[in-house]
Amino acid sequence: MKYNSDVVNTLIDRYGYYQYIVKLNKALKCECVNPTTKEPNVYCKRCLGTGYHIKIIKVFGASREGREFESDRTQAFAVTPKIFYYKGFLDVGKDDILIDSEDIYIIYTYQHHRGVKGHQAFTRCVCPDLKLNKSIFLKMFKEVLHDKLHKGKQ
């Protein structure tokens, strides 16, 4: 499918809002991971229960409900995820977590689209719902953000 980068960026300007992305560093396991069970502590504020070192970034983008089918070429199924658009190049990875208000999504796939002159025009993320305990994750996420905001004011 072709995307007109000017149209996408205009839509981001008009309908965009702030969201958060929790970037997972899968090369570094969190200290909370149980050595026997290999399970992370869901109440861990260092990793938000993911089991990996994380970085939280605030991003500005637009979203739309998932009405188009997305499929993974290696699997024979289709999902109807939510689609997010961000201006320019956004450094995201598969399985990073996107927080959109009270909703949580996992980045299933992403594409970096170039404009007609070759510049990085926008990033498109395809995000189905996150399949973990959302209430615990959101609680830990909000506590971490609150702690960071108050630490910055001191």
Side-chain angles (χ1 to χ4, degrees), residues 1-28 30 42 44-75 77-154:
M1 176 180 277
K2 283 188 100 166
Y3 295 92
N4 182 316
S5 61
D6 292 334
V7 171
V8 171
N9 284 319
T10 299
L11 291 172
I12 293 169
D13 287 339
R14 185 171 295 157
Y15 301 109
Y17 56 95
Y18 286 101
Q19 304 142 23
Y20 291 93
I21 293 180
V22 177
K23 295 190 54 57
L24 305 180
N25 182 345
K26 291 187 176 182
L28 297 172
C30 183
V42 295
C44 178
K45 287 187 181 181
R46 288 184 305 268
C47 72
L48 298 177
T50 64
Y52 301 104
H53 282 227
I54 61 167
K55 179 179 179 183
I56 298 172
I57 57 172
K58 188 175 185 180
V59 294
F60 186 82
S63 67
R64 71 169 182 79
E65 296 303 319
R67 299 257 189 269
E68 70 185 47
F69 286 100
E70 298 288 337
S71 63
D72 184 338
R73 291 185 186 123
T74 62
Q75 299 176 5
F77 70 91
V79 294
T80 54
K82 193 159 184 176
I83 312 295
F84 293 87
Y85 297 93
Y86 304 96
K87 281 188 172 186
F89 178 86
L90 180 62
D91 181 22
V92 294
K94 183 175 177 2
D95 300 330
D96 284 349
I97 299 167
L98 195 147
I99 294 121
D100 179 7
S101 185
E102 295 292 313
D103 294 320
I104 307 171
Y105 301 93
I106 188 159
I107 296 177
Y108 176 69
T109 188
Y110 57 91
Q111 301 93 30
H112 301 291
H113 292 268
R114 296 198 176 277
V116 283
K117 294 184 179 171
H119 69 285
Q120 187 63 52
F122 66 93
T123 300
R124 179 177 179 269
C125 297
V126 179
C127 303
D129 278 342
L130 182 66
K131 304 290 189 229
L132 58 82
N133 190 325
K134 292 180 185 180
S135 61
I136 294 173
F137 185 89
L138 270 177
K139 179 181 183 294
M140 293 296 103
F141 175 76
K142 288 176 181 179
E143 287 179 13
V144 167
L145 275 186
H146 180 268
D147 293 349
K148 282 186 178 193
L149 287 173
H150 284 83
K151 209 182 262 188
K153 291 181 181 177
Q154 294 174 352

For this session: Could you please spell out the steps behind the side-chain contact (heavy atoms from CB on, under 4.5 Å) verdict for Asn25 and Tyr52?
Result: CA-CA 6 Å; Asn25 182 345; Tyr52 301 104; 5.6 Å; no
For this session: In sequence, state the C-alpha distance, the side-chain angles, and the governing distance for Gln111 and Thr123, and then conclude on side-chain contact (heavy atoms from CB on, under 4.5 Å).
Result: CA-CA 6 Å; Gln111 301 93 30; Thr123 300; over 6 Å; no
For this session: Under the side-chain contact (heavy atoms from CB on, under 4.5 Å) rule, what do Glu102 and Lys142 come out as? Steps first, then yes or no, please.
Result: CA-CA 10 Å; Glu102 295 292 313; Lys142 288 176 181 179; 2.6 Å; yes
Problem set entry | Worked verdict on Cys125 versus Tyr110 for side-chain contact (heavy atoms from CB on, under 4.5 Å) | CA-CA 4 Å; Cys125 297; Tyr110 57 91; 4.1 Å; yes
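Side-chain polar atoms of Gln19 and Tyr105 form no donor-acceptor pair below 3.5 angstrom. For the residue pair Ser101 and Tyr17, no side-chain donor N or O sits within less than 3.5 Å of a side-chain acceptor on the partner.
The two residues Phe122 and Gln120 have their closest heavy-atom pair at O-NE2, 3.4 Å. For Gly61 against Ile12, the heavy-atom pair with the smallest separation is CA-CG2, 4.2 Å. Closest non-hydrogen pair, Ile21 versus Val92, comes out as CD1-CG1, 3.7 Å. Across Leu145 and Ile56, no two heavy atoms sit closer than the pair CD2-CG2, 4.5 Å. Considering all non-hydrogen atoms of both residues, Ile136 and Val42 come closest at CG2-O, 3.4 Å. Across every non-hydrogen atom of Pro81 and Val126, the tightest pair is CG-CG1, 3.1 Å.
Asp96 places no side-chain N or O within donor-acceptor distance of the main-chain N or O of Ile107, the cut-off being under 3.5 Å. Not one N or O on the side chain of Asn9 forms a donor-acceptor pair closer than 3.5 Å with the backbone of Asp6.
If you look at Phe141 and Tyr20, their ring centroids are closer than 6.0 Å.
The environment of Phe89 atom CZ is dense: over 12 non-hydrogen atoms of other residues, nucleotides or ligands sit within 6.0 angstrom. Heavy atoms of other residues, nucleotides or ligands lying less than 6.0 angstrom from NZ of Lys26 number more than 12.
Taking the side chain as every heavy atom from C-beta outward, Leu98 and Ile104 never approach each other to under 4.5 Å. When side chains are defined from C-beta on, Ile99 counts as touching Phe137, because their heavy atoms get closer than 4.5 Å. Looking only at side-chain heavy atoms (C-beta outward), Asp103 and Lys134 stay at 4.5 Å or farther from each other. Inter-residue side-chain proximity for Lys45 and Asp147 is flagged as met; some heavy-atom pair is nearer than 4.5 Å.
Interatomic distance, Ile83 CD1 to Arg124 CZ, rounded to the nearest 0.5 Å: 4.5 Å. To the nearest 0.5 angstrom, Cys30 atom SG is 6.0 Å from His53 atom NE2. In this structure, Ile97 CD1 and Lys23 NZ are separated by 11.5 Å, a value rounded to the nearest 0.5 Å. Interatomic distance, OH of Tyr15 versus CZ of Arg64, reported as 14.0 Å (0.5 Å rounding). Residue Ser63 holds its OG atom at 8.0 Å from OH of Tyr86, rounded to the nearest 0.5 Å. The distance from atom CD1 of Ile106 to atom CG of Asp95, rounded to the nearest 0.5 Å, is 4.5 Å.
Under a 4.0 Å N-O distance rule, the pair Lys82/Asp100 qualifies as a salt bridge.
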